[in-house]
Amino acid sequence: MSKHVIVRTSRRPDPDAVAVLGKAGVATAHEAMGRRGLTHPVLRPIYPGARIAGRAVTVLSQPGDNLMIHACIEQCGPGDVLVVTTTSPSTDGMFGELFATQLAARGVLGLVMDAGVRDVSELTAMRFPAWSRAVSAQGTVKATPGSVNVPVVIGGAYCRPGDVVVADDDGVLIVPLEDAPAVAAAAQAREANEQAKREQFQAGVLGLDLYGLRPTLERLGVTYVDETPDPA
């Protein structure tokens, strides 16, 4: 088999789990998954307030070459998230408004790219969500082979085609396809627990007491002292 492939796959996560994870968001889902799967915080949204969760369609490209992004688009469909990384570090602007237009027409939810994005003003006006390592106008070529729908490492996190990508202002999380239902259930339980705590905090309870942290302070040798007034 060629070392450069475009894999046609029907691997898809449970849609109910994806919906729950999207509602829960990255921070809650990350905690629910045992603090695994988070990409490096260098991957940031190009505009605030975006939140997505969907099936990963992966692309492995050469740096400075967006040929395989063109090649991957026909593998994308409604509810997907395009995940693009390069074989060595790159900040070139490999993705822009014309790509987003094609993907939006196919129902793709957004992009996570460990490289550069450009046309930020247009992408923001389109409300096409994108998380990237950089914003750069540096152009690219279409000349070098790569692969589509193969396992990749994106921002330090392992991602396979069909895994769940959750992304919002807090970052990007990769949830393995087979773990998605359990992580979604744990996220819902965590949300219920946090709501109960929120109500207590609103009533004036301190986290110091709710979490039983006073004995911890004492064990660590932290003491309370009263300030001595300065002499008049």
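Side-chain atoms of P145 and K3, non-hydrogen and from C-beta on, never get closer than 4.5 Å to each other. In this structure, the side chains of D179 and R36 come closer than 4.5 Å at one or more pairs of heavy atoms. A heavy-atom distance below 4.5 Å is found between the side chains of M68 and V148. Residues Y47 and V120 fail the side-chain proximity criterion, which asks for heavy atoms closer than 4.5 Å. Contact of the L43 side chain with the I154 side chain is registered, since non-hydrogen atoms from C-beta on lie closer than 4.5 Å. Considering only heavy atoms from C-beta on, M94 stays 4.5 Å or farther from F99 through its side chain. Using a 4.5 Å cut-off on side-chain heavy atoms (C-beta onward), I6 and C72 make no contact. L208 places a side-chain heavy atom less than 4.5 Å from the side chain of L217.
Using a 4.0 Å cut-off between a side-chain N of Lys or Arg and a carboxylate O of Asp or Glu, E194 and R190 qualify as a salt bridge.
Remark: side-chain polar atoms of W131 are paired, donor with acceptor, to backbone N or O of D168 under 3.5 angstrom. No donor-acceptor pair closer than 3.5 Å links the side chain of D119 to the backbone N or O of G96. A distance-only check finds no donor-acceptor pair linking the side chain of N149 to the backbone of R8 [under 3.5 Å]. Side chain of R44 to main chain of A134: no donor-acceptor pair is present (N/O by atom type, distance under 3.5 Å, no hydrogens or angles). The backbone N or O of T144 sits less than 3.5 Å from a side-chain atom of D65, completing a donor-acceptor pair. In this structure, H30 contributes its side chain and R35 its backbone to a donor-acceptor pair below 3.5 Å. T39 places no side-chain N or O within donor-acceptor distance of the main-chain N or O of A157, the cut-off being under 3.5 Å. Judged by distance alone, with hydrogens and angles left aside, the side-chain atoms of T86 form no donor-acceptor pair with the main-chain N or O of S61 at under 3.5 Å. In this structure, the side chain of D114 engages the main chain of G155 through a donor-acceptor pair within 3.5 Å. Not a single donor-acceptor pair under 3.5 Å links the side chain of T91 to the backbone N or O of G116.
Atoms CZ and CD1, from F128 and I46 in turn, are 9.0 Å apart once rounded to the nearest 0.5 Å. Atom-to-atom distance recorded for M33:CE and I174:CD1 is 8.5 Å, nearest 0.5 angstrom. Between the OG1 atom in T124 and the CD atom in E97 there is a gap of 11.5 Å [rounded to 0.5 Å]. In this structure, CE on M126 lies 8.5 Å from CG on L103, to the nearest 0.5 angstrom. In this structure, CD on Q188 lies 9.0 Å from CG on L21, to the nearest 0.5 angstrom. For the atom pair D170 CG and L38 CG, the distance stands at 9.0 Å (nearest 0.5 Å).
Following chains of ILVMFWY side-chain contacts shorter than 4.5 Å, one cannot reach I69 starting from V7, and the two form parts of different hydrophobic clusters. Grouping the Ile, Leu, Val, Met, Phe, Trp and Tyr side chains by contacts below 4.5 angstrom, directly or via other members, places V166 apart from V112. Put simply, V165 and V84 are part of two different groups of oily side chains (I, L, V, M, F, W, Y) that touch within less than 4.5 Å, one to the next. A continuous path of ILVMFWY side-chain contacts below 4.5 Å connects V172 to L60, so both sit in one hydrophobic cluster. By the criterion of side-chain heavy atoms lying less than 4.5 angstrom apart, applied directly or through intervening Ile, Leu, Val, Met, Phe, Trp or Tyr residues, V26 is not grouped with L111; the two fall into different hydrophobic clusters.
At a cut-off of 3.5 Å, with distance as the only test, no side-chain donor of Q195 or E191 sits close to an acceptor on the other residue. Residues T140 and N66 have side chains that bring a donor and an acceptor to within less than 3.5 angstrom of each other.
Residues A100 and F95 come closest through the heavy atom pair N-CZ, 3.6 Å. Pairing each heavy atom of P63 with each of P89, the nearest pair is CB-O, 4.4 Å. Contact between G162 and L177 at its shortest, heavy atoms only, is O-CD1, 3.2 Å. Between S90 and G64 the shortest heavy-atom distance is OG-N, 3.8 Å. Listed here is the closest heavy atom pair of C159 and A56: SG-CB, 3.6 Å. Closest approach of V20 and A184 over heavy atoms only: CG1-O, 3.5 Å.
Around the CD atom of E218, the shell of radius 6.0 Å holds no more than 12 heavy atoms that belong to other residues, nucleotides or ligands.
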Practice prompt. May I have the step-by-step check of side-chain contact (heavy atoms from CB on, under 4.5 Å) for Y211 and T216, ending in yes or no?
Written response: CA-CA 10 Å; Y211 299 130; T216 300; over 6 Å; no
Do any side-chain atoms of residues 74-81 form donor-acceptor pairs under 3.5 angstrom with protein atoms, and if so which ones, sequence neighbours left out?
from, atom 1, to, atom 2, distance (Å)
D80, OD1, R55, NE, 2.9
D80, OD2, R55, NH2, 3.0
D80, OD2, G77, N, 2.7

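Evaluation of the side chain to side chain donor-acceptor pair (under 3.5 Å) rule for R160 yields D163, E178 as partners, not counting sequence neighbours.
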